[in-house]
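A note on names: the letters A, B, ... follow the listed sequences, proteins ahead of strands, and every chain is numbered from 1. Given the structure is predicted, the values throughout are model-derived calculations rather than measurements.
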2 protein chains.
Amino acid sequence: MVRVKDPAVRSLLIDRAAQTLAAREPVTLRSLVAGTGVSTMAVYTYFGGMDGLWKAVRQEGFTRLAVRLAEVSPSADPVRDLAALGAAYLSNALAVPDLYRVMFDAAFDLEDAAAADDTLHCLVRGVERATASGRFRDDVDPLELATQSWTVGHGLASLVATGPLPRQALAHGVPLLTALFTDAGDDPVRCRRSVERGWHDLLPDHGSGPSGAASG
Amino acid sequence: MVRVKDPAVRSLLIDRAAQTLAAREPVTLRSLVAGTGVSTMAVYTYFGGMDGLWKAVRQEGFTRLAVRLAEVSPSADPVRDLAALGAAYLSNALAVPDLYRVMFDAAFDLEDAAAADDTLHCLVRGVERATASGRFRDDVDPLELATQSWTVGHGLASLVATGPLPRQALAHGVPLLTALFTDAGDDPVRCRRSVERGWHDLLPDHGSGPSGAASG
DNA sequence: CCTCAAAACATAGCAACGTTATGTATTGTG
DNA sequence: CACAATACATAACGTTGCTATGTTTTGAGG
């Protein structure tokens, strides 16, 4: 005999958690179920406890990120697309900074790592396209370059979304990715233009040029 | 009339917090003072509450980082020194990962940002030396390049120390910094050698070459 | 050398947290 | 229909950060 839990309740709780998170209010067991009609036990039947709920919220974060990345429509310029993926990554992190923080806060378990892997694979495909089109050298390892691009994106997202860097620091993404892709074999001036195009498409107000860093 | 608090008690509590953090045990008000002879009120007289304690722990983290960075002895090769600073940054983050996480976890206030600024200034001076020695172009803004190097370092530290990337991913630091410094005007092969030298000095077992990324 | 107010500190208690125990309703299956 | 496992509500428990209250200690002024 298999009792199936109501998926609507599960989504409801996750959404409420994400909503509470975005409102910068503490996500507590009792605040979650308040007003929903369900009792605190629901969190235990559906998630096994608060840890399980946080894991589900983390998954939700990666799912939303995947949606954002999937919305990046490939063009004839694979380097632009790569920069656009980076911009989409940052755009997502800045849209839901607390959710982004939760995604990378706790120690990663296998399930979380798998979700992160999907993000990485998206970048790997982007690098492969650029390599196939001749923009990058043949000897660049797509996984390596994708990981390095991810490192740059995550560093920027972390330092800007919940860290000491101001929003204008997002513009550092352009020279960072340009340096990386130029080093991978792309023509410097062409690379710069491609990256700027891809970056501007999602972060139009932060792509002109980097300005000051932390405070003063 | 001015009562002066005992600085030793303050340091004791901060050290115990860092120690508890490193032991991956929950840092609670009562676990902090247990066995020290002081009562829970000490945390309030010295720090004004747990928030104040966490802020002090964060400061301690930046102080330890500053010590690590100051231990990097300048050589005749400013690009090597820059890479060595990056390696020291990562070495510190991996030595005390939970402390590093606390440093960048909470929303930054002014005091934290000032501490982070010291870290950045250290990098700025390194870039200025490289520019003065002719390795970098004259038109590179030291603050910009330092911020970008920091972004790379923090991204790597965050993804490796508490994230999904394995320790071997530290090796990505070499190509990342090489790309960045080459883009700043340094000669590619010379840059690579300098970065590898600086990197190896503090992370000898993770500088040969990047391997796989997340899981599989 | 007192006096006395302020600071430092201990004890006890509070509300809120995550969790668990217990009992009841609901569901699917034989 | 009957039975057993799931879903769920209520109530309680231990622990958390914090505060209220009383006591001790400190340092400056008369």
Side-chain angles (χ1 to χ4, degrees), chain A residues 1-60 98-99 101-102 105-107 109 111-112, chain B residues 1-60 98-99 101-102 105-107 109 111-112:
Chain A
M1 96 163 244
V2 197
R3 269 291 285 285
V4 64
K5 305 175 196 175
D6 187 357
V9 176
R10 188 185 159 89
S11 315
L12 173 77
L13 290 174
I14 295 176
D15 284 346
R16 272 185 72 96
Q19 188 178 339
T20 308
L21 217 53
R24 286 185 158 64
E25 289 166 2
V27 178
T28 71
L29 175 62
R30 289 171 172 81
S31 74
L32 263 184
V33 301
T36 64
V38 305
S39 80
T40 61
M41 276 303 296
V43 173
Y44 287 83
T45 51
Y46 285 94
F47 304 102
M50 286 300 280
D51 282 359
L53 176 94
W54 286 118
K55 180 152 61 176
V57 168
R58 225 155 24 233
Q59 290 285 338
E60 170 74 13
D98 299 87
L99 185 55
R101 193 196 307 186
V102 169
D105 243 16
D109 58 18
E111 200 176 350
D112 295 331
Chain B
M1 106 164 238
V2 197
R3 271 290 286 284
V4 63
K5 305 175 195 171
D6 188 357
V9 176
R10 189 186 158 89
S11 314
L12 174 77
L13 290 174
I14 295 177
D15 283 347
R16 272 187 73 96
Q19 189 177 339
T20 308
L21 217 52
R24 285 186 160 65
E25 290 166 3
V27 178
T28 71
L29 175 63
R30 287 172 175 79
S31 74
L32 263 183
V33 300
T36 64
V38 306
S39 78
T40 61
M41 276 303 296
V43 174
Y44 288 83
T45 52
Y46 284 94
F47 304 101
M50 286 302 278
D51 281 359
L53 177 94
W54 285 118
K55 179 152 62 176
V57 168
R58 227 158 19 238
Q59 290 285 338
E60 170 73 13
D98 298 87
L99 186 54
R101 193 197 306 188
V102 169
D105 242 16
D109 58 18
E111 201 176 349
D112 295 331

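- Residue A:Y44 has no polar side-chain atom (N or O) positioned under 4.0 Å from OP1 or OP2 of C:dT20.
- A:F47 places its CZ atom 13 Å from the P atom of D:dA7, with the value rounded to the nearest Å.
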Show each protein N/O and nucleotides 11-16 of chain C N/O combination with a separation under 3.5 Å, one pair to a line.
from, atom 1, to, atom 2, distance (Å)
C:dG13, O6, B:R30, NH2, 3.3

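- By the 4.5 Å heavy-atom criterion applied to side chains, B:I14 and B:Y46 are not counted as neighbours.
- Within 4.0 Å (heavy atoms only), A:V43 reaches no atom of the nucleic acid at all.
- A donor-acceptor pair is defined here as one N or O able to donate and one able to accept, closer than 3.5 Å; such a pair exists between the side chain of A:Q59 and the backbone of A:E111.
- Minimum heavy-atom separation, B:D98 to B:R24: OD1-NH1, 3.3 Å.
- Summarising the geometry, the separation between CZ on A:R10 and P on D:dA7 is reported as 13 Å, rounded to the nearest angstrom.
- The A:L29 side chain lies nearest to C:dG18 when the options are C:dC9, D:dG17, C:dG18.
- Going from atom CE of A:M50 over to atom C1' of C:dT20 covers 16 Å, rounded to whole Å.
- The side-chain hydrogen bond (donor to acceptor under 3.5 Å, both in side chains) test applied to A:S39 returns no partner, not counting sequence neighbours.
- Phosphate proximity of D:dA7 to A:Y46: absent, as no side-chain N or O sits under 4.0 Å from OP1 or OP2.
- Taking atom CG of A:L13 as the reference point, atom C1' of D:dA7 lies 14 Å away to the nearest angstrom.
- In this structure, A:V9 and B:V27 both approach DNA chain D, and ranking their closest nucleotides by distance from the 5' end singles out A:V9.
- The CD-P distance, from B:E25 to D:dT15, rounds to 15 Å in whole Å.
- Within the nucleic acid shown, A:G37 comes within 4.0 Å of sugar-phosphate atoms alone, with no base atom in reach, counting heavy atoms only.
- As a whole-Å value, the separation of A:L12 CG from D:dC8 P is 12 Å.
- In this structure, B:R16 CZ and B:T36 OG1 are separated by 6.0 Å, a value rounded to the nearest 0.5 Å.
- Between A:F47 and A:L53 the shortest heavy-atom distance is CB-N, 3.5 Å.
- Pairing each heavy atom of A:V102 with each of A:L21, the nearest pair is CG2-CD2, 3.6 Å.
- Per the geometry, CH2 belonging to A:W54 stands 13 Å off C1' belonging to C:dG18, to the nearest Å.
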